[in-house]
Amino acid sequence: MMRIVKHKKRKKYGQHFLKDERVAEKIVSFADIRRNEIVLEIGPGKGVLTSILFKYARKVIAIEIDNELVRYLERRFSNEAQNLNLIHEDILKYDLSIISERIKVIGNLPYSIGTRIIMHLINYREKFSEMLFMLQKEVAERLVASPGTKDYGSLSIFIQLYFSVEILMNIPPKSFSPPPKVFSALVKIKPKKQLFKRSDNPELFYKIVKIAFSHRRKKLRNNLKALPLLDHDLKKVSLETGINFDVRGEMLSIKEYLKLTRSIGKIIKKSCK
Ligand code: SAM
């Protein structure tokens, strides 16, 4: 177990600090960091993962929102100043486009904004060679979910569109201080082959997926009414794609959503001419 540092824990920042050093070592080992790599750590907290990252990475960029923790980390790692770029910022507001090479990302994410952080990072996906996150187990299960399961939804689709996701291990509440109410899971997120074609319309794709899941219990036929399409347009789309609209949105794979977007896109384009 590691030394206890006095710090008033801020609930609003989802501060559940890892206290099990063996778990911390194991997590970092999954990142398989090479000596010449730069690692971005989200929410370093008191530095339990950061201190291990120094052993493997060329440089650690750490983004922490809590100014008290930033001051603490500056003191704790004063000897590592050359290897640490400590940024006092809200990751959700931070523009990551300034990163100049592909890096790995690691983080024991604050539960309440875990999915928002992931959606934010998707915008900068070409910057990352891999991401390793500790999340609420329930969120991890949504990330890896397959069509036809209760966990499958827009989050599963938006992440799996660009990345392959794998749950590596579950972590019990007792590994954290204070212990959270639920289990956590460690997930590995790796970029995969681009599914969008050059001619695709990503905005329309996101819109259709969101609409398809807007009322989970409703059939696609009803949810898709939110689109500017006539009944006979929908019939045409169903015929062209072979997709049955009498099922719920959770039954469609990502490839089917892409097909749907292409077919609907053609009709919308025609009606705008
Ligand atoms: N990495 C540490 C560990 O494993 O013990 C701390 C993990 S704790 C679950 C989450 C950390 O993220 C806290 O240090 C918290 O202050 C920080 N945090 C919360 N919201 C943040 C945000 N929007 N941007 C950057 N850091 C944030």
Side-chain angles (χ1 to χ4, degrees), residues 92 94-105 115-131 142-149 151-166 187-216 218-273:
L92 294 173
Y94 197 69
D95 179 5
L96 293 161
S97 57
I98 53 159
I99 295 173
S100 58
E101 61 185 277
R102 267 162 88 90
I103 61 172
K104 280 188 178 155
V105 188
T115 52
R116 281 177 65 203
I117 292 178
I118 291 177
M119 294 306 289
H120 178 64
L121 296 180
I122 287 179
N123 296 327
Y124 303 97
R125 57 193 168 275
E126 71 286 356
K127 302 281 180 192
F128 313 127
S129 58
E130 198 174 287
M131 300 191 264
R142 282 166 54 207
L143 291 176
V144 299
S146 314
T149 62
D151 292 325
Y152 184 71
S154 52
L155 180 66
S156 331
I157 294 175
F158 294 151
I159 189 101
Q160 293 173 29
L161 184 63
Y162 302 109
F163 300 96
S164 58
V165 193
E166 187 190 353
V187 294
K188 188 176 242 190
I189 302 176
K190 286 182 94 162
K192 71 176 188 192
K193 201 170 151 262
Q194 170 73 264
L195 290 175
F196 279 131
K197 290 184 193 163
R198 219 180 246 272
S199 54
D200 279 333
N201 179 346
E203 296 312 317
L204 184 62
F205 176 89
Y206 299 136
K207 187 172 171 186
I208 290 173
V209 171
K210 278 196 184 134
I211 286 174
F213 287 95
S214 54
H215 303 278
R216 270 198 86 101
K218 279 194 186 171
K219 289 177 183 172
L220 267 177
R221 181 177 305 289
N222 292 320
N223 279 337
L224 292 180
K225 281 187 181 147
L227 286 166
L229 293 176
L230 302 169
D231 279 353
H232 80 265
D233 290 333
L234 275 181
K235 257 189 211 143
K236 224 166 133 185
V237 172
S238 178
L239 266 176
E240 190 186 42
T241 58
I243 295 169
N244 174 6
F245 292 153
D246 286 318
V247 296
R248 293 189 189 139
E250 70 211 34
M251 298 311 293
L252 265 55
S253 67
I254 297 183
K255 288 201 170 141
E256 284 172 310
Y257 275 109
L258 283 165
K259 239 190 205 182
L260 194 60
T261 308
R262 286 170 193 146
S263 180
I264 291 175
K266 275 196 280 182
I267 291 179
I268 293 180
K269 224 178 185 177
K270 254 190 208 163
S271 65
C272 289
K273 274 184 186 167

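Residue numbers run from 1 in the order of the sequence given.
Annotation: K219, atom NZ; neighbour count of heavy atoms from other residues, nucleotides and ligands within 6.0 Å does not exceed 12. The number of heavy atoms from other shown groups lying within 6.0 Å of NZ (K190) does not exceed 12. No more than 12 heavy atoms of other residues, nucleotides or ligands shown are found within 6.0 angstrom of CG on D231. Counted within 6.0 Å of NZ on K210, heavy atoms from surrounding residues, nucleotides or ligands total 12 or fewer; the atom is thus considered open. For CZ of R116, the number of neighbouring non-hydrogen atoms (other residues, nucleotides, ligands) closer than 6.0 Å is 12 at most.
Closest non-hydrogen pair, L96 versus K127, comes out as O-CE, 3.9 Å. Between M131 and L121, the shortest heavy-atom contact is SD-CD1, 3.8 Å. Scanning all heavy atoms of the two residues, the minimum distance from L161 to F158 falls at CB-O, 3.7 Å.
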Checking side-chain contact (heavy atoms from CB on, under 4.5 Å) for the pair L143/D151: CA distance, chi angles, key distance, verdict? CA-CA 8 Å; L143 291 176; D151 292 325; over 6 Å; no
Intermediate values then yes/no, side-chain contact (heavy atoms from CB on, under 4.5 Å), D246 and R221: CA-CA 6 Å; D246 286 318; R221 181 177 305 289; 3.0 Å; yes
Hey, mind stepping through F196 and F205 against ring pair (Phe, Tyr, Trp, His ring centres under 6.0 Å) and telling me if it holds? CA-CA 10 Å; F196 279 131; F205 176 89; 5.4 Å; yes
Derivation of the side-chain contact (heavy atoms from CB on, under 4.5 Å) call for F128 and I189: CA-CA 10 Å; F128 313 127; I189 302 176; over 6 Å; no
Evaluate the side-chain contact (heavy atoms from CB on, under 4.5 Å) criterion for residues Y124 and I99: first the C-alpha distance (whole Å), next the side-chain angles of each, then the deciding distance (0.1 Å), finally the verdict. CA-CA 9 Å; Y124 303 97; I99 295 173; over 6 Å; no
Between D95 and S97, does the side chain to side chain donor-acceptor pair (under 3.5 Å) criterion hold? Intermediate values first, please. CA-CA 6 Å; D95 179 5; S97 57; 2.6 Å; yes
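No side-chain donor-acceptor contact under 3.5 Å links N223 to the backbone of L220. When atom types are taken as modelled, the side chain of E240 and the backbone of V237 share no donor-acceptor pair closer than 3.5 angstrom. Remark: the backbone N or O of T241 is not paired with any side-chain donor or acceptor of E256 at under 3.5 angstrom. Within the 3.5 Å criterion, the main-chain N or O of E126 finds a donor-acceptor partner in the side chain of R102. Judged purely by atom type and a 3.5 angstrom limit, S156 uses its side chain to pair as donor or acceptor with the backbone of R142. When atom types are taken as modelled, the side chain of R125 and the backbone of I122 share a donor-acceptor pair closer than 3.5 angstrom. Proximity of a side-chain donor or acceptor of S214 to a complementary backbone N or O of I211 within less than 3.5 Å is detected.
Side-chain contact check for Y162 versus K192: every heavy-atom pair is 4.5 Å or farther apart. Residues I208 and L227 form a side-chain contact, since some pair of their non-hydrogen atoms from C-beta on lies under 4.5 Å apart. Between N201 and I268, the closest side-chain pair of non-hydrogen atoms is not below 4.5 Å. T261 has its side chain out of reach of D200: every pair of non-hydrogen atoms, C-beta onward, lies at least 4.5 Å apart. Side-chain atoms of K188 and E130, non-hydrogen and from C-beta on, do get closer than 4.5 Å to each other. Annotation: side chain of T149 is not in contact with side chain of E250 (no heavy-atom distance under 4.5 Å). The closest side-chain heavy-atom distance from H215 to N222 is not below 4.5 Å.
Here the CD1-CG distance, from I267 to D233, works out to 4.5 Å after rounding to the nearest 0.5 Å. Atom CD1 of I243 sits about 5.0 Å away from atom CG of L252, to the nearest 0.5 Å. A distance of 6.0 Å separates NZ of K236 from NE2 of H232, quoted to the nearest 0.5 Å. One distance of note links CG of L234 with CG of L239; it measures 11.5 Å at 0.5 Å rounding. Taken from OG in S253 to CD in Q160, the straight-line distance is 10.5 Å, to the nearest 0.5 Å. To the nearest 0.5 angstrom, Y152 atom OH is 15.0 Å from R248 atom CZ.
Aromatic ring orientation, Y257 versus F213: tilted (interplanar angle from 30° to 60°).
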